[in-house]
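Notes follow the structure.
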Amino acid sequence: MVDVESLLKENAAQRLQIAELIDQIAKLNERVGELLAVAQRKQRKAPAERPPAPPPVVADEARRAFDERPKAPEKPAEPKRAKSPAKPTGRKPVPAHLEAEVHELRPEACAHCGSAALDAADEVLEEKLHVVKEHLRRRVVRRTTCRCRTCGGRTTPRSLPAPYERSKVTCEWLAWMVHQKFALLTPLDRLRRDLAERGVPLAMSTLVSFVERAADLLAPIDGLHWMELLAGSWMATDGTGLKVLVPGLPAAHNGYIELYRNRELAVFQYEADKSSEAVTSKLAPFRGTLTADAEHRFNAVYETGRVIESGCNAHGRRKYRDAEDMQPVLAAEGGAFIGAIYGEEEKAQRLGLVGDALREHRQRFIRPIADNFDKWLAAVEPTLLPSEPLMAAVRYYKNHRDALFRFIDDPDVPIDNSPTEREFQNVAKLRLNMLFAGSPEGAHRACVLLGIVATCRAIGVPVQAYLAWAFERLGTHRDLFALDLEAMTPAAFKRTVA
């Protein structure tokens, strides 16, 4: 008779041995891979040393022009700042506008003898910042339906404003969530976890639907901003990558998010790629000056003659700083010209110059520096090798000279595109938090909300207050407010509350 129990034990022991052997084989395979990689590295031949490039042949006339090149301007002196008044010492008072939670404490007995016969002698007042964790509330609306004694008809009062019919949240709550997500850059999973800790369980799909609803409500405002940008005389643009999940693709698609802005408006737009056709098509109605990086995809826009190119001097300034490692003297000279230009521009900004006054200042103080810089570039270029970093910096200004100095004659044009690039800091943090947009439609909706938030920041409007105000006027009570789109923008909100 077969001993089943012994066979089972033997089978288990063999399975254990097989598992150990498989583990050893995996470790050996990993070690073999490491040894193969080391062997392949050792077998690689060292790259042949190339002889250094011969120095450029400089004619006597070019050498004379180099020796007589314009002297780099002195670094502008730092303006003397008035000594700031001494800051008050001690603890700052708690803001008086905050709602107060008052507690009045009185001893029941003497701490020394225990007697209860106490008379008030003094008062100690303390004020501290306090937080109420349960910031969420329920809004309960009871609407009484009445029957008319005269005609017998039934009348039910209209409910309070909501962002959309049968919404689960109020306008204020939706504004709070959009502010958390797109202004404070809080990921939705953290919002969901925080709400769950407060006893408000919401599915991720529900939160995503709230974002969709908010973006759909604000899309007409964003579209109006885009039309106003196209009707203006100047705008700036820049872009960055954004991963998007596209059905049917094995991995996230590398999309592209663009920002178009002036000093008061900001519009983000999503594109599947950085094609020249897309940007040419969307800027077809625009007639004015465009400040952008020197990218080839904008060439077709400028070739139409309807759009004037304006460059970014911050990029050129960085090129000269990067070249200082290889050519410290000449790169510092070139950078000194650009630094002097920036110094005069900063002086104009401190004086608050705009319009014709700004144009006159730039033409009087910046144009002579730019003209000397042109002579310096012409004298230095023949002495450089094509492969040198300084040559790239020199050619950048020679090839894009008109665009980079466009701001001298146009007071509406800034010296660089840095404000647009700084706006992408928020996009980078949001992109780090969310990793990718769930779909192209999600990317478009994110652009709508990012643009509204950026516009509010540009004109100094509190984001959450504007969103709540706008949702009331764009939601279920829009017919009662009966406002045009122009009366529901962040700028209109600013005029209203002012």
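Checking side-chain atoms of R306 against main-chain N and O of E303 turns up no donor-acceptor pair under 3.5 Å. Distance alone, capped at 3.5 Å, places no donor-acceptor pair between the R406 side chain and the G311 backbone. Between the side chain of K319 and the backbone N or O of Y396, no donor-acceptor pair lies under 3.5 Å. Using modelled atom types, no side-chain atom of R445 and backbone atom of A219 make a donor-acceptor pair closer than 3.5 Å. Looking at R457, its side chain never comes within 3.5 Å of a backbone N or O of V463 through a donor-acceptor pair. A distance-only check finds a donor-acceptor pair linking the side chain of T383 to the backbone of V380 [under 3.5 Å]. Side-chain N or O atoms of H253 include one that pairs as donor or acceptor with a backbone N or O of A272 at under 3.5 Å.
Two residues are said to be in side-chain contact when any heavy atoms from C-beta on lie closer than 4.5 Å; F481 and M488 fail this criterion. When side chains are defined from C-beta on, L136 counts as touching L195, because their heavy atoms get closer than 4.5 Å. Side-chain contact between H444 and E441 is absent, with no heavy-atom pair separated by less than 4.5 Å. Within the 4.5 Å cutoff, side-chain heavy atoms of H315 are placed close to those of E421. V279 is listed as a side-chain neighbour of Y260, based on a closest heavy-atom distance under 4.5 Å. Residues K282 and L230 are not in side-chain contact: their nearest non-hydrogen atoms beyond the backbone lie 4.5 Å or more apart. P411 is not listed as a side-chain neighbour of V354, based on a closest heavy-atom distance of 4.5 Å or more. Residues P285 and M227 fail the side-chain proximity criterion, which asks for heavy atoms closer than 4.5 Å.
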R317 and D416: side-chain contact (heavy atoms from CB on, under 4.5 Å), yes or no, with the steps?
CA-CA 10 Å; R317 198 176 193 181; D416 57 33; over 6 Å; no
Please walk me through it: do K375 and R69 pass side-chain contact (heavy atoms from CB on, under 4.5 Å)?
CA-CA 7 Å; K375 298 176 183 177; R69 65 187 183 277; over 6 Å; no
Any chance you could lay out the side-chain contact (heavy atoms from CB on, under 4.5 Å) test for I452 and I221, step after step, and finish with the verdict?
CA-CA 8 Å; I452 296 295; I221 304 294; 3.8 Å; yes
May I have the step-by-step check of salt bridge (charged side-chain N to carboxylate O under 4.0 Å, His left out) for E344 and K347, ending in yes or no?
CA-CA 5 Å; E344 292 297 336; K347 186 185 300 183; 3.7 Å; yes
Under the side-chain contact (heavy atoms from CB on, under 4.5 Å) criterion, do C447 and I257 qualify, and how do the steps go?
CA-CA 8 Å; C447 287; I257 183 172; 3.6 Å; yes
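By the 4.0 Å N-to-carboxylate-O rule, R261 lies too far from E423 to be salt-bridged with it. Remark: D216 does not engage R213 in a salt bridge, criterion side-chain N to carboxylate O under 4.0 Å. Note on E258 versus R297: salt bridge recorded, some NZ/NE/NH1/NH2 to OD/OE distance being below 4.0 Å. Between R367 and D409 a salt bridge is recorded (basic side-chain N to carboxylate O distance below 4.0 Å).
Within 6.0 Å of atom CD in E264, 12 or fewer heavy atoms from other residues, nucleotides or ligands are found, so the atom counts as exposed in its surroundings. More than 12 heavy atoms of other shown residues, nucleotides or ligands fall within 6.0 angstrom of atom CD in E486. The 12-atom threshold is exceeded at CE of M204, counting heavy atoms of other residues, nucleotides or ligands nearer than 6.0 Å.
W173 does not carry R137 over the face of its six-membered ring by the limits of under 6.0 Å from the centre and within 45° of the normal.
A side-chain hydrogen bond (donor to acceptor under 3.5 Å, both in side chains) with W234 is found for exactly one of T289, N262, T291, namely T291. Each of D484, L265, T489 was compared with L224 under the side-chain contact (heavy atoms from CB on, under 4.5 Å) criterion, and only T489 meets it.
Of the inter-residue distances, the one linking E271 atom CD with D273 atom CG reads 7.5 Å to the nearest 0.5 angstrom. Rounded to the nearest 0.5 Å, atoms OH (Y466) and CG (L218) are 6.0 Å apart. Interatomic distance, T206 OG1 to L188 CG, rounded to the nearest 0.5 Å: 11.0 Å. Annotation: the span from D189 atom CG to D194 atom CG amounts to 11.5 Å, rounded to 0.5 Å. Distance check: I415 CD1 to E345 CD gives 5.0 Å after rounding to the nearest 0.5 Å. To the nearest 0.5 Å, atoms NE2 (H400) and CG (N313) are separated by 12.0 Å.
Ring pair H361/F365: centre-to-centre distance below 6.0 Å.
Shown here for T237 and T420, the closest heavy-atom pair between the two residues is C-CG2, 3.9 Å.
Ring geometry, F337 versus W376: the interplanar angle falls from 30° to 60°, so the pair is classed tilted. Below 30°, between 30° and 60°, or above 60°: for Y397 and F405 the angle between ring planes is between 30° and 60°, a tilted geometry.
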